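In what follows, a structure is listed as structure tokens, so that the remarks can point back to it.
Note that this is a predicted model, so its numbers are computed, not measured.
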Amino acid sequence: METEAAARAWVEAWTAAWVAGDPGPLDEVYAADASFRSEPFRELQAPRAYAEWAFREQDEAQCWFGEPIVDGDRAAVEYWGIVRFQGSDETIVGTAVLRFGPDGRVVEQRDTWSAKPGRFKPPEDWGR
């Protein structure tokens with residue numbers, strides 16, 4: 001699978017999963033033994049386990065993803081989410097660095113992100 005198409009499939013899966021609070025769509029875009037680090041100082045974990053934990057207390061979410069930046073078997077994708085947890089809103093902005101296997105599934109992901117209390121939509125020029 002071409003890396004750009006794989007990155008777009010990853011975006012579609014995360015959009016569906018995050019908004020629904022359901023990690024199910026992620027199963028199709030990750031290799032069974034994918035290396036997943038949700039932030040620099042966290043331990044590696046399975047992508048589905050991370051999503052189950054992250055979505056557990058999510059009341060609702062909106063999310064946006066930028067255009068994938070692709071080079072070889074790697075891609076970087078910006079993301080922006082507004083999440084309501086236990087009645088409080090938080091905006092999360094980050095970048096996922098992805099590496100894809102020959103079948104188009106993610107074999108490695110590393111994220112860096114920042115969060116701020118409140119609801120902030122991405123600026124017009126964001127994600128290009």
Side-chain angles (χ1 to χ4, degrees):
M1 177 182 274
E2 179 186 90
T3 303
E4 185 168 343
R8 291 187 185 284
W10 179 88
V11 166
E12 288 175 17
W14 266 100
T15 300
W18 202 352
V19 170
D22 173 15
L26 304 177
D27 293 340
E28 298 299 315
V29 296
Y30 286 95
D33 60 347
S35 169
F36 182 88
R37 191 177 306 274
S38 61
E39 69 171 32
F41 301 109
R42 283 196 182 137
E43 296 297 319
L44 292 173
Q45 63 188 132
R48 186 181 182 96
Y50 168 76
E52 288 171 350
W53 169 81
F55 298 158
R56 187 171 297 131
E57 296 178 3
Q58 170 182 304
D59 298 325
E60 65 177 87
Q62 291 180 278
C63 60
W64 298 263
F65 289 84
E67 287 295 315
I69 300 168
V70 175
D71 183 24
D73 65 350
R74 296 170 57 94
V77 182
E78 292 179 287
Y79 55 87
W80 191 294
I82 301 172
V83 181
R84 177 165 286 222
F85 288 106
Q86 301 174 348
S88 296
D89 294 329
E90 182 174 54
T91 300
I92 302 165
V93 180
T95 302
V97 178
L98 309 161
R99 187 170 57 85
F100 297 90
D103 65 354
R105 291 177 184 241
V106 176
V107 296
E108 181 182 7
Q109 177 173 341
R110 291 186 325 268
D111 284 20
T112 57
W113 52 271
S114 183
K116 182 175 182 174
R119 299 178 73 85
F120 304 93
K121 289 191 175 178
E124 283 188 34
D125 62 347
W126 177 88
R128 293 184 201 165

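One hydrophobic cluster holds both Tyr79 and Val29 under the rule that ILVMFWY side chains link at heavy-atom gaps under 4.5 Å. When the side chains of ILVMFWY residues are joined at heavy-atom separations under 4.5 Å, either directly or via intervening members, Tyr50 and Val106 end up in a single hydrophobic cluster. Taken together through direct or relayed side-chain contacts under 4.5 Å among Ile, Leu, Val, Met, Phe, Trp and Tyr, Ile69 and Val77 form parts of separate hydrophobic clusters. Linking ILVMFWY residues whenever their side-chain heavy atoms come closer than 4.5 Å, directly or via other members, places Trp53 and Trp113 in the same cluster.
Electrostatic pairing of Glu67 and Arg8 counts as a salt bridge here, judged by a charged N lying under 4.0 Å from a carboxylate O.
For Gly21 against Pro23, the heavy-atom pair with the smallest separation is O-CD, 4.0 Å. The two residues Gln86 and Asp59 have their closest heavy-atom pair at N-OD2, 3.0 Å. The minimum heavy-atom distance linking Gln45 with Ser38 is given by the pair OE1-OG, 3.9 Å. Taking each heavy atom of Ala61 and Val83 in turn, the nearest pair found is CB-CG2, 4.2 Å. Looking at every heavy atom in both residues, Phe100 comes nearest to Ala75 through CE1-CB, 3.9 Å. Residues Phe85 and Glu90 come closest through the heavy atom pair CE1-OE1, 4.0 Å.
For the atom pair CG of Leu44 and CD of Gln109, the computed distance is 11.5 Å after rounding to the nearest 0.5 Å.
Here the side chains of Asp22 and Phe55 are not in contact, with every heavy-atom distance at 4.5 Å or above. In this structure, Glu39 and Asp111 have side chains that are not in contact, with every pair of non-hydrogen atoms separated by 4.5 Å or more. At least one side-chain heavy atom of Arg110 sits less than 4.5 Å from a side-chain heavy atom of Val97.
Under a 3.5 Å cut-off, the side chain of Thr91 and the backbone N or O of Phe120 do form a donor-acceptor pair. Although no hydrogens or angles enter the test, the distance criterion places a donor-acceptor pair under 3.5 Å between the side chain of Arg37 and the main chain of Arg42.
Using cut-offs of 30° and 60° for the angle between ring planes, the Trp14 and Trp18 rings count as perpendicular.
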Applying salt bridge (charged side-chain N to carboxylate O under 4.0 Å, His left out) to Glu52 and Arg56, what does each step give before you reach the verdict? CA-CA 6 Å; Glu52 288 171 350; Arg56 187 171 297 131; 5.5 Å; no
Could you go through the ring-ring contact (aromatic ring centres under 6.0 Å, His included) check for Trp10 and Phe65 one step at a time? CA-CA 10 Å; Trp10 179 88; Phe65 289 84; 5.8 Å; yes
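Checking each of Ile82, Val93, Thr15 against Trp64 for a side chain to side chain contact (heavy atoms under 4.5 Å, CB included) leaves exactly one that passes, namely Ile82.
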